[in-house]
Amino acid sequence: RRVHGMLSTSTDLPVVSTLSGVAGLSHLGVIRVAGEEAAKFLQGQLTQDVALLGLTEARLAAFCNAKGRMQASFIVFKRSHEEILMVCSRYILAATLKRLS
């Protein structure tokens, strides 16, 4: 399994463009979990069972500490059976990535 974090650092994109319907998402980051055991690795660490997540679905999920307090929330989806993407706030991405590794 591989766990990676990705941040968008581009400042060239407009924040909001009402004419084109485009909104900047520079406040978001993506954690990518890849490999044959990606879903198994996340099992029990998130509030969603990503093994049951279909390729056409996205779900909200949370990462909680041992006391059950939410540390991070994500929109989780599968790009393939071996690749799971978790979209979260870029401001908590590094700390969350460290806890998941």
Side-chain angles (χ1 to χ4, degrees):
R1 100 187 118 61
R2 293 172 299 192
V3 181
H4 303 281
M6 296 176 268
L7 293 175
S8 172
T9 58
S10 174
T11 57
D12 298 334
L13 299 174
V15 174
V16 175
S17 174
T18 56
L19 296 176
S20 64
V22 175
L25 300 176
S26 60
H27 64 286
L28 297 176
V30 177
I31 295 174
R32 178 179 173 260
V33 182
E36 288 182 19
E37 300 198 4
K40 186 176 179 180
F41 170 72
L42 293 173
Q43 182 63 32
Q45 295 194 68
L46 302 180
T47 57
Q48 283 288 343
D49 186 349
V50 294
L52 299 177
L53 188 63
L55 294 176
T56 60
E57 301 173 316
R59 293 190 185 156
L60 291 173
F63 176 69
C64 300
N65 67 13
K67 293 183 178 182
R69 293 188 180 126
M70 185 173 72
Q71 303 295 300
S73 62
F74 311 95
I75 298 171
V76 180
F77 61 97
K78 287 183 180 178
R79 289 185 65 186
S80 70
H81 293 288
E82 295 183 359
E83 183 179 24
I84 299 166
L85 299 181
M86 305 185 314
V87 180
C88 66
S89 169
R90 71 179 297 187
Y91 304 108
I92 61 168
L93 189 138
T96 304
L97 188 59
K98 185 177 178 179
R99 288 184 185 116
L100 282 171
S101 295

Minimum heavy-atom distance Leu93-Val30, with the two atoms named: CD1-N, 3.4 Å
Over all atoms of both residues, closest heavy-atom pair of Cys88 and Ser73: CB-O, 3.4 Å
Would the distance check show the side chain of Gln71 and the main-chain N or O of Arg69 forming a donor-acceptor pair, the cut-off being under 3.5 Å? yes
How many angstroms lie between OH in Tyr91 and OG1 in Thr96, if you round to the nearest 0.5 Å? 14.5 Å
Look up atom CG in Leu53 and atom CG in Leu55, then write down how far apart they are to the nearest 0.5 Å. 8.0 Å
List in chain and number order the residues that pass side chain to side chain contact (heavy atoms under 4.5 Å, CB included) with Ala94, two or more places apart in sequence or in another chain; answer none if no residue qualifies. none
Gln45: what forms a side chain to side chain contact (heavy atoms under 4.5 Å, CB included) with it, not counting sequence neighbours? Phe41, Phe63, Leu100
Can you list, pair by pair, the side-chain donor-acceptor contacts under 3.5 Å of residues 80-87, counting residues two or more places apart and other chains?
| from | atom 1 | to | atom 2 | distance (Å) |
| --- | --- | --- | --- | --- |
| Ser80 | OG | Glu82 | N | 3.2 |
| Ser80 | OG | Glu83 | N | 3.3 |
| Glu83 | OE2 | Arg32 | NE | 2.5 |

Quick one: salt bridge (charged side-chain N to carboxylate O under 4.0 Å, His left out) pairs with a partner in residues 53-64, sequence neighbours left out? Glu57-Arg59
Partners passing side chain to side chain contact (heavy atoms under 4.5 Å, CB included) against Lys98 (at least two apart in sequence or in another chain): none
Could you go through the side chain to side chain contact (heavy atoms under 4.5 Å, CB included) check for Gln48 and Leu60 one step at a time? CA-CA 8 Å; Gln48 283 288 343; Leu60 291 173; 5.8 Å; no
Taking a hydrophobic cluster as the set of Ile, Leu, Val, Met, Phe, Trp and Tyr residues connected by side-chain heavy atoms closer than 4.5 Å, whether directly or through intermediates, do Leu25 and Phe77 fall within one such cluster? yes
Atom CG in Leu46, atom CZ in Phe74: separation rounded to 0.5 Å? 6.0 Å
Partners passing side chain to side chain contact (heavy atoms under 4.5 Å, CB included) against Ala95 (at least two apart in sequence or in another chain): Arg99
